[in-house]
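So the structure is just underneath, and the comments pick up after that.
Proteins get letters first, then strands, A, B, ... in listed order; numbering begins at 1 in each.
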Amino acid sequence: MADAVMQAVNVTKDYETRAVTTRALDDVSLDVTRGEFSALAGPSGSGKTTLLNMLGTIDAPTSGIVRIDGDDVTAMSEAERSDLRLEKLGFIFQSYNLIPVLSATENVEFVLLLQGLGARERRARAEEVLVELGLGDLLAKRPTEMSGGQQQRVAVARAIASNPSIVLADEPTANLDSRTAESLLDLMLRMNGERGVTFLFSTHDRRVMDRARRIVQLVDGRIASDESRP
Amino acid sequence: MLLRIAVRNVARGWRRSLIVLLSIGVGLSGCLFVVAWSKGLVHQMADNAVKIQLAHMAVQAPGYRDNPDVRYNLPDYDAIAKTARSQAGVHASPRLRGEGLVQTARKSVLAVMIGVRPGDEAEVSVVPSSIVEGSFLRTGSGARRLPPVVIGVKMAGEMRAEIGDKLVLHVPGDAGLGAFRVSGLYRTASSEFDGVAVFLRLRDAQRLFGVGDAATEVAIVLDDEKTVDAVQARLQEALGSGVEVLTWRERARRLASMLDLMGDLSWIFYATVFVAMAFGIANTMLMAVYERLREFGVMRSLGLSRARLMMLIALESAALTLAGTGIGLGTGFALVGWLGKRGIDLSMFSDALESYGIGTRVFLHAGWEDALTPLALALVTGVVAAVWPGVRAIRMRPAEALRRA
Ligand SMILES: Nc1ncnc2c1ncn2[C@@H]1O[C@H](COP(=O)(O)OP(=O)(O)O)[C@@H](O)[C@H]1O
Ligand SMILES: [Mg+2]
């Protein structure tokens, strides 16, 4: 409990559309501990994206609270949440993660710029991370010149370059073939091992799930099961 | 880096931006052309007025400016001219100027009589070198020993006077009458001037007006017009408070304010263009924003604050507007440079133009200040036009923006 990077406490989320209200999350509570490598599993529409959005502070729950490093983010101002994301969170989305007009290096530099690093240090660190992840060939490439797998790898590099407490990844492998998906997972796993980066990713791919050390199963906006293994 | 993103996005979306770029371009180059045209007209008018009669500045007796009467004169004009000439690049010519009547056997017209020393006057005015027939006040030879007078071709035409004809000049006052012989005809760019200004020798004018050894002004021309204010201050100090040293702008206030008005008008022209463009820019930016909501969602997730996102959109909008402005100014200046140097022949309207002292060819006039106003306005317009699209972008929660394809 003391080591919880991230906590959802009785989180409920209703989406209001014109006619209907959809309960995407129903009283969900979840702790994520430092150093975890966990999967959020569940069929399409089960609330995985919604939960990650709540935890990532990019959407607000209808009720319940979210804590990051002990701080209640639901009580924060938008500016504070923005700063918090910058300092503590990394994001990887399903696709179109990268800023199209920027090269791989510049995409990584972008977060470092927001963190206030000087031009020279930014560049050096961005290149260092990309090379460390085996992406040395892509430095000057724009997203349109990369394959989907390469783009996702650069997204991983960008997510960890700012030394976040946790990286949230919403179906990062959904648009990749299985071999590429596996090697992306290996990369994330390596970063988890070498750098101690905490990962929470959603997936509905059995093989991807199998790499996780903890699997939280969502069904209809509720946690159906939560299994850890050594 | 935000600037880099903004500029690259403008370049990337050039297809979408094309209409805006072109409309700013066309609007602005047209605007620049009109401004350069009207400035050219007024500048030419002012330029000619300076060359023909105003000179860059003049020393006058206090009171003459408000009531141009020969009573307000300068007895020590020679010393004043000498003081003026003692400065580098300064030319001076004493003039005695007053109003009166010119008469032939057939007709009489109102005139402005200007007594000058031909040699001095040639240094400050174009009239002595604008003689089309005869000479400028060269003393008559032989038997016809009447003092010489030079009139404009316009007046000569109206009075049917020719070289060698006798003219009688009347001026108010006791002495006020004298017979002269036409020794030359001049033609300047201003037919209005040519119709009223009559030149005679300074000492003949002094006798005619009965003012003794005096002048009403010492006209001064500088080699470098930019030094006007400095020379004015130095002269005024050297000559003391007994005389007034006035620049041509101070002497011809209406003309000067017309020039200033052109500056204000051009500002209004540009402002109108940009206000009209602002809607197009805002619309283009709105499209650009909607196309990239997902991208903004990603950026916001990474920790880009709302303020910075707003800035990013404003930068992009400003870059777009400046690009259009660049196109507009480029074409505009090219057009002005190309047509402006040759001048545009307006001889078909020459009557109207000549009477205003413009001449028959209009040279367009555009300087750096004509680029600065639109550039400044472009920046402001770009930023203002980004407000609405920007608000739309930052109002959205990142998660919402990310859902947009
Ligand atoms: N913006 C939205 N408006 C209305 N309903 C939504 C919205 N986003 C998600 N939902 C609904 O919420 C439920 C959970 O969706 P989501 O979190 O995207 O699930 P998953 O990521 O597991 O596929 C689904 O029934 C979905 O239709
Ligand atoms: Mg989803």
Side-chain angles (χ1 to χ4, degrees), chain A residues 13 15 24 49-50 52-61 77-103 105-117 119 122-123 126 142-144 155 158-159 161-162 164 168 170, chain B residues 1-17 284-285 287-320 323 390-405:
Chain A
K13 176 66 176 179
Y15 287 113
T49 298
T50 305
L52 284 174
N53 287 349
M54 300 299 137
L55 294 171
T57 80
I58 57 175
D59 202 351
S77 72
E78 182 50 44
E80 286 169 323
R81 276 196 289 268
S82 183
D83 280 346
L84 178 131
R85 290 196 291 273
L86 182 57
E87 299 307 325
K88 299 190 170 175
L89 305 182
F91 284 88
I92 302 166
F93 301 104
Q94 185 174 327
S95 55
Y96 306 113
N97 269 295
L98 303 180
I99 301 163
V101 294
L102 298 182
S103 69
T105 310
E106 288 167 335
N107 259 283
V108 179
E109 274 189 65
F110 183 77
V111 257
L112 302 177
L113 163 87
L114 296 182
Q115 286 190 331
L117 264 65
R122 233 159 49 208
R123 168 134 305 213
R142 296 268 181 100
T144 46
R158 186 179 62 187
S162 57
L168 301 172
D170 192 9
Chain B
M1 186 159 202
L2 291 185
L3 184 63
R4 205 184 313 165
I5 295 176
V7 170
R8 285 187 194 168
N9 272 317
V10 170
R12 186 162 171 258
W14 69 270
R15 269 167 218 279
R16 181 188 49 230
S17 319
T284 303
M285 285 309 298
M287 291 197 302
V289 162
Y290 273 114
E291 251 174 42
R292 297 215 307 279
L293 280 177
R294 201 197 140 78
E295 189 181 321
F296 295 144
V298 170
M299 288 178 168
R300 295 267 288 117
S301 304
L302 298 178
L304 182 77
S305 66
R306 283 176 164 170
R308 271 190 150 169
L309 176 57
M310 192 74 186
M311 201 169 96
L312 184 67
I313 292 168
L315 275 176
E316 186 168 330
S317 178
L320 172 69
V391 165
R392 298 301 290 263
I394 66 172
R395 257 200 335 216
M396 209 166 259
R397 282 203 186 124
E400 242 178 295
L402 281 165
R403 261 196 307 275
R404 304 300 180 99

- Query: Between A/Glu109 and B/Arg4, is a salt bridge (charged side-chain N to carboxylate O under 4.0 Å, His left out) present by the stated rule, with each step listed?
  - Reply: CA-CA 13 Å; A/Glu109 274 189 65; B/Arg4 205 184 313 165; 5.4 Å; no
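In this structure, CG on B/Leu302 lies 10.5 Å from CD on A/Gln115, to the nearest 0.5 angstrom. Between the CD1 atom in A/Ile99 and the CG atom in B/Asn9 there is a gap of 9.5 Å [rounded to 0.5 Å].
Taking B/Arg12, B/Met1, B/Glu295 one by one and counting their heavy-atom pairs under 4.5 Å with chain A, the maximum is reached by B/Met1. Annotation: maximal heavy-atom pairing with chain B below 4.5 Å, among A/Ile58, A/Thr57, A/Leu89, A/Leu98, occurs at A/Ile58. In terms of non-hydrogen atom pairs under 4.5 Å with chain B, the most contact-rich of A/Pro164, A/Ala79, A/Gly56, A/Ala60 is A/Ala60. For the set A/Thr49, A/Leu114, A/Asn53, A/Leu52, the entry with the most heavy-atom pairs within less than 4.5 Å of chain B is A/Leu114. Between chain B and the residues A/Leu84, A/Thr50, A/Asp59, the largest count of heavy-atom pairs under 4.5 Å involves A/Asp59.
Between A/Tyr96 and B/Val298, the shortest heavy-atom distance links the atoms O-CG2, 3.9 Å.
Only the side chain of A/Arg158 comes within contact range of chain B, judged by heavy atoms closer than 4.5 Å. Heavy atoms closer than 4.5 Å to chain B are found nowhere in A/Ala119, neither backbone nor side chain. Neither the backbone nor the side chain of A/Glu87 has a heavy atom closer than 4.5 Å to any heavy atom of chain B. Interface residue A/Leu102: backbone and side-chain heavy atoms are both found under 4.5 Å from chain B.
Evaluation of the side chain to side chain donor-acceptor pair (under 3.5 Å) rule for B/Ser301 yields no partner, not counting sequence neighbours.
Between A/Arg85 and B/Arg300, the closest side-chain pair of non-hydrogen atoms falls below 4.5 Å.
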Would you tabulate the side-chain donor-acceptor contacts of residues 303-310 of chain B under 3.5 Å, counting partners in other chains and residues two or more places apart, or write 'none'?
unit_1   : atom_1 : unit_2   : atom_2 : d
B/Ser305 : OG     : B/Arg308 : N      : 3.2
B/Arg306 : NE     : B/Ile394 : O      : 3.3

